[in-house]
Amino acid sequence: MSNKNIRVRFAPSPTGPLHIGGVRTALYNFLFARKNGGKFILRIEDTDQTRFVPGAEDYIIEAFKWCGIEFDEGVTKGGDFGPYTQSERKAVYKQYADELITSGNAYYAFDTAEQLSEKRAAFEAEKKTFTYNAAERLNMGNSLSLPKEEVERLLESGTPYVIRFKMPENEQVVMNDLIRGKVEVNTSVLDDKILFKSDGMPTYHLANIIDDHLMEISHVIRGEEWLPSLPLHVLLYRALGWQEPEFAHLPLLLKPDGHGKLSKRDGDRLGFPVFPLQWKDPKTGELSSGYREEGYFPEAFVNMLALLGWNPGDERELFDMEALIEAFSIERVNKSGARFDAEKAKWFNHQYLIKKSNIELAEAFMPILKEHHVLADKEFVTQVIALVKERATFVKDLWDQSFFFFVRPEEYDTKAVKKRWKAASYQQMTELKELLLNTEPFTASHTEEVVKKWIEENEYGMGMVMNAFRLLIVGALKGPHLFDIIALLGQEETVERISNGLLTLGKKE
RNA sequence: GGUCCGUUCGUCUAGUCAGGUCAGGACGCCAGGUUUUCAUCCUGGUAACACGGGUUCGAAUCCCGUACGGACUACCA
């Protein structure tokens, strides 16, 4: 399907790292755009200058790059609808705010923050809810309640003011949400939201609808936390005489423990990352872990995230980006919030790890080997990977599963020794050493054949011999098929390990 | 408090729009099997329609109510 008129956007504010809920929102936007042959835009919403965090924007861009979520337009990418950073569009917003005032849909308000909070406190004391709208606006200090001359005087004298939306009185607003269907609300419970702040910047509400309109956004796909302000946004489109886009409000990602939506503050408290990439708070220096640094593959991360709140309707679970694009539809997004399961995330990573080629994994494993001061040939590492990859969830797990291929055991697992190093072991292993010394070729299948035959002929007992043998080679009772291990280690190393073991463990009386 | 949104196994979910298979799958967990060990793997099992009414021959599904959960309620986004 191709539809040039489909345009969606992801519009984060650069106040810190993006958490996985934000990544999912972006992902759904991206999938929707690709699926429908539309465009995906990245816009930075930095209208709150006090909350700017250095590095946040770069973080966001890098995170999407890692995930494989690509933008068609936006910051760093350019396009015909720029600039894509709201602070650079400052001049645009004022003119529409003025237009709303002229058309009678907005007004100037001079109330100070103190006056406002006093008013709220007074209402609360009487157990009433203060709503700055038709019910109370005439009791406040604004261009609707004050005489015209007074308003002009205040404006000219440079008194700080904001511009508020004049919420219609007692009007039923009917809206449609692609995920939830019809949503209705009466304007009497809505307030005259501030559209333009006294610092000369628009608020989110004004800026986002102006930009969405100017950038010709066709579908606004965002988090459910925006649903309560949907009526305001719809009314703004109507006041400006603009065609409103379609809306879809995504269910929230919930904290796996307790309650509430997942937030940036959850950091590492839950035992898993909430951020795609590691983040270092520039102020406190505090470090929060990221999926990338934890060892997740971006494909696994994206796959896991995509299935949190959406499903294809059949029983498939493994999707690469291309398959996600093919299968995605906004109609199949769930309504209810999803708690995310760290165990399932690991399972996804395991699935992607075993799908990767041995060579690819070997390359990823080489730096880890280096950290352990192991110098190994890539060809050898690749063969090792083939034997152990099914046991690993992360590339870093490979070390625990394969270290004995690279370093000789220096000590032997105490429990295993107790259980498997018996009176006859010393003699049997000594014989085995001689046997292997004279076995050619030293392949897995041939050594296996020879050793098994020797065990049978001497009636030594398979479990008895093999466990002791494994103990000497690995240092513990674990690991892949023993004959595969010794074939990779080679005859010389195998024999030496047996000799060392005999020396260390000695005879047991 | 007010407004809005939501509610199927412990978790993610299918099934709900067009009422009618022992409510299906996956993760986890448990058991068994395979194996020289551990892990993997295979097989099996565990476990849910929030509650109460109504409509109907029949309700997870439609309607009403209740409860619970969540979001929002800033000159933040």
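First the proteins, then the strands, lettered A, B, ... as listed; each starts at 1. The structure presented is a predicted model; accordingly, all values stated were derived computationally and were not measured.
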Legend entry - A:Gln86 or A:Ala476, whichever maps to the more 5' nucleotide of RNA chain B: A:Ala476
Inset, instruction - Pick base, sugar-phosphate or nothing for A:Ser198, based on heavy-atom distances below 4.0 Å to the nucleic acid. - result: base
Inset, instruction - Compute whether any side-chain donor of one residue and acceptor of the other, for A:Thr159 and A:Ser157, lie under 3.5 angstrom apart. - result: yes
Inset, instruction - Measure from CG on A:Asn303 to P on B:C27 and round the result to the nearest Å. - result: 13 Å
Inset, instruction - Counting heavy atoms from C-beta on, name the nucleotide in B:U36, B:G1, B:U40 closest to the side chain of A:His350. - result: B:U40
Inset, instruction - Please report, rounded to the nearest Å, how far the P atom of B:G28 is from the NZ atom of A:Lys344. - result: 8 Å
Inset, instruction - Pick base, sugar-phosphate or nothing for A:Lys346, based on heavy-atom distances below 4.0 Å to the nucleic acid. - result: nothing
Legend entry - Of the listed nucleotides B:U36, B:G15, B:G1, the one nearest the side chain of A:Thr129: B:G1
Legend entry - Watson-Crick or G-U wobble mate for B:C57, both contacts under 3.5 Å: B:G20
Legend entry - Short side-chain donor-acceptor distance under 3.5 Å, A:Asp320 and A:Asn303: no
Legend entry - Spacing of A:Tyr132 atom OH relative to B:A74 atom C1', expressed in whole Å: 15 Å
Legend entry - Of the listed nucleotides B:G15, B:C12, B:C4, the one nearest the side chain of A:Leu308: B:C12
Legend entry - Any strand: nucleotide that pairs with B:U73 via Watson-Crick or wobble, under 3.5 Å: B:G1
Inset, instruction - Establish whether the base of B:C38 is bridged to the side chain of A:Arg391 by a donor-acceptor pair shorter than 3.5 Å. - result: yes
Inset, instruction - Could you tell me the separation between the CG atom of A:Leu387 and the P atom of B:U37, rounded to a whole number of Å? - result: 17 Å
Legend entry - Salt-bridge contact A:Lys452-A:Glu448 (side-chain N to carboxylate O under 4.0 Å): yes
Legend entry - Residue closer to the 5' end of RNA chain B, A:Arg420 versus A:Lys182 (nearest nucleotide): A:Lys182
Inset, instruction - Using the C1' atoms only, state how far B:C41 lies from B:U21, rounded to an integer number of Å. - result: 31 Å
Inset, instruction - State which residue, out of A:Trp279, A:Phe301, A:Phe348, fulfils the ring pair (Phe, Tyr, Trp, His ring centres under 6.0 Å) condition with A:Tyr291. - result: A:Phe301
Inset, instruction - Hunt down the Watson-Crick or G-U wobble partner of B:G65, both distances under 3.5 Å, from any strand shown, or write none. - result: B:C51
Legend entry - Identity of whatever pairs with B:U40 - Watson-Crick or G-U, under 3.5 angstrom: none
Legend entry - Same-atom distance (P) from B:U3 to B:U55, integer angstrom: 30 Å
Legend entry - Among B:C72, B:A14, B:U3, the one nearest A:Asn311 by side-chain distance: B:A14
Legend entry - A:Phe404 vs A:Leu489 side-chain heavy atoms within contact, under 4.5 Å: no
Inset, instruction - Go through the side-chain N and O atoms of A:Ser336 and A:Asn334 and say whether any donor and acceptor fall under 3.5 Å apart. - result: no
Inset, instruction - Just call it for A:Val388: base, sugar-phosphate, or nothing, with non-hydrogen atoms closer than 4.0 Å on any strand. - result: nothing
Legend entry - Under 3.5 Å donor-acceptor pair, A:His481 side-chain atoms to B:U35 base atoms: no
Inset, instruction - Ignoring the backbone of A:Leu477, work out which of B:U37, B:G6, B:A71 is nearest its side chain. - result: B:U37
Inset, instruction - State plainly whether the residues A:Glu343 and A:Lys346 are in salt-bridge range, i.e. N to O under 4.0 Å. - result: yes
Inset, instruction - Check every atom of B:U3, B:G1, B:A77 against the side chain of A:Val185 and return the nucleotide holding the closest atom. - result: B:U3
Inset, instruction - Starting at atom CZ of A:Arg316, determine the distance to atom C1' of B:A14, rounded to an integer number of angstrom. - result: 14 Å
Legend entry - d(CG, A:Leu253; C1', B:C5) in whole Å: 16 Å
Legend entry - Any A:Lys197 side-chain nitrogen or oxygen under 4.0 Å from OP1 or OP2 of B:C76: yes
Inset, instruction - Would you kindly give the CG-to-C1' distance between A:Leu230 and B:U73, to the nearest whole Å? - result: 16 Å
